[in-house]
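Below is one structure, written out as structure tokens, with a few remarks after it.
These numbers were taken from a predicted model, which means no experiment stands behind them. So that the names make sense, note that chain A is the first sequence line, chain B the second, and so on, each numbered from 1.
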Number of protein chains: 2
Amino acid sequence: MPEGNQVHLIKAAFLKVLAHPLRLRILELLGQKEQSVGQFAQMLSVDQPTVSRHLGILKQGGLVTTRQDGASVIYRLQNEETVQLLQQLTELLKRKLQVDQELLKSVEES
Amino acid sequence: MPEGNQVHLIKAAFLKVLAHPLRLRILELLGQKEQSVGQFAQMLSVDQPTVSRHLGILKQGGLVTTRQDGASVIYRLQNEETVQLLQQLTELLKRKLQVDQELLKSVEES
DNA sequence: CTCCTATATTCGCATATTAGCATATAACGA
DNA sequence: TCGTTATATGCTAATATGCGAATATAGGAG
């Protein structure tokens, strides 16, 4: 692990990779099973070049690996850790949004 | 919790708030103790308007709250959960980078 | 080799993010 | 009130990110 402020650059870069709705959707699907580019494009209703580009970003970020299967390229998770982190993020937001809603209610009631 | 693809928008927005080196540094400091804008600016060697802007982004993202103290504004964490999540991210990256280094070595040796 | 399918890349354009400077606003003390 | 300190906001230029359309590349079948 590099030291000093470099760490924050690395962390920020990693978070940046995650911070896109489509990439989150892709990772969610990848948590269930590996898939080809075309399959993602179809399941997500997004055009092929866009999916390819985002998969490329995930790959460059070290989140996924690829395997050639005929003319197709199969993408899979490099490991499960990132998905676990995202699940914890989900829980965090679930709680946070609940709190926000309660705050909103208490404001309305007053 | 909103449903469907909205969730990914919310998650991405939250991650986007985190995905900046300076904001990560600020959160790290905030994990230790609350502070004023000027104190952050000094500790981080960043000019005041920049710090103020990033603190504003954190506030709007629901990560921090503010309290007036004389002419100063004290920023503090809204809760500890986000910092915990970031610590898990740290662990994740620590392992990931270790693996990468080993991969690099094994490539060099072959 | 040729065609077809699957994937990746490039380009152009619109939008978003950021830092730095100047300036506005707010709180306080004399 | 006036001056000082602390914070926030407008503005601009530079950079980054995003998408869609067209194009390039790679693999397999015949």
Value rounded to 0.5 Å, distance of NZ in K16(B) from CG in L9(B):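 So the gap between those two atoms works out to 10.0 Å.
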Say you draw a straight line from CG of L22(B) to CZ of R53(B); how long is it, rounded to the nearest 0.5 Å?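 Spacing of CG (L22(B)) from CZ (R53(B)) equals 12.5 Å.
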Which heavy-atom pair separates L15(A) from A19(B) by the least distance, and what is that distance?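 Closest pair (atom of L15(A), atom of A19(B), distance): CB-CB, 3.7 Å.
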Restricting to pairs with a member in residues 40-49 of chain A, which pass side chain to side chain donor-acceptor pair (under 3.5 Å), not counting sequence neighbours?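 Matches after skipping sequence neighbours: D47(A)-T50(A).
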Which residues in residues 34-48 of chain A have a heavy atom closer than 4.0 Å to any atom of DNA chain C?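 Heavy-atom cutoff 4.0 Å gives S36(A), V37(A), G38(A), Q48(A).
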Show, in sequence, the C-alpha distance, side-chain angles and deciding distance for R23(A) and H54(A), and conclude whether the side-chain hydrogen bond (donor to acceptor under 3.5 Å, both in side chains) test is met. CA-CA 6 Å; R23(A) 293 197 285 273; H54(A) 286 286; 2.9 Å; yes
Applying side-chain hydrogen bond (donor to acceptor under 3.5 Å, both in side chains), can you list everything that pairs with S72(A), at least two apart in sequence or on another chain?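 S72(A) satisfies side-chain hydrogen bond (donor to acceptor under 3.5 Å, both in side chains) with no other residue.
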Verify the distance criterion only: is there a donor paired with an acceptor across the side chains of K59(B) and T65(B) at less than 3.5 Å?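 No pair is found: no donor N or O on one side chain lies under 3.5 Å from an acceptor on the other.
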Quick one: which protein N/O atoms are closer than 3.5 Å to N/O atoms of nucleotides 24-30 of chain C? Pair and distance per line, please.
unit_1  : atom_1 : unit_2 : atom_2 : d
dA27(C) : O3'    : G70(B) : O      : 3.1

Whether Q60(A) side chain and I57(A) backbone form a donor-acceptor pair below 3.5 Å: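 It does not hold such a pair.
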R76(B) atom CZ, neighbour heavy-atom count above 12 within 6.0 Å: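 12 or below, so no.
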Quick check: is I74(B) connected to L77(B) through a chain of hydrophobic side chains (ILVMFWY, heavy atoms under 4.5 Å apart)?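 In one cluster with L77(B): I74(B), no.
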Decide, yes or no, whether a salt bridge links R25(B) with E28(B) under the criterion of side-chain N to carboxylate O below 4.0 Å.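 Answer for the salt bridge query: no.
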Taking 4.0 angstrom as the limit, do E34(B) and R67(B) come out as a salt bridge?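 Judged by the 4.0 Å cut-off on N to carboxylate O distance, E34(B) and R67(B) do form a salt bridge.
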Please produce a list of atom pairs where a protein N or O lies less than 3.5 Å from an N or O of nucleotides 12-17 of chain C.
unit_1  : atom_1 : unit_2 : atom_2 : d
dT17(C) : OP1    : K16(B) : NZ     : 3.2

Identify the 5'-most and 3'-most nucleotides of DNA chain D with at least one atom closer than 4.0 Å to a non-hydrogen atom of chain A.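 With heavy atoms of chain A under 4.0 Å away, the range is dT17(D) to dG28(D).
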Expressed as a whole number of angstroms, how long is the span from K59(A):NZ to dT7(C):C1'?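 It works out to 11 Å between those atoms.
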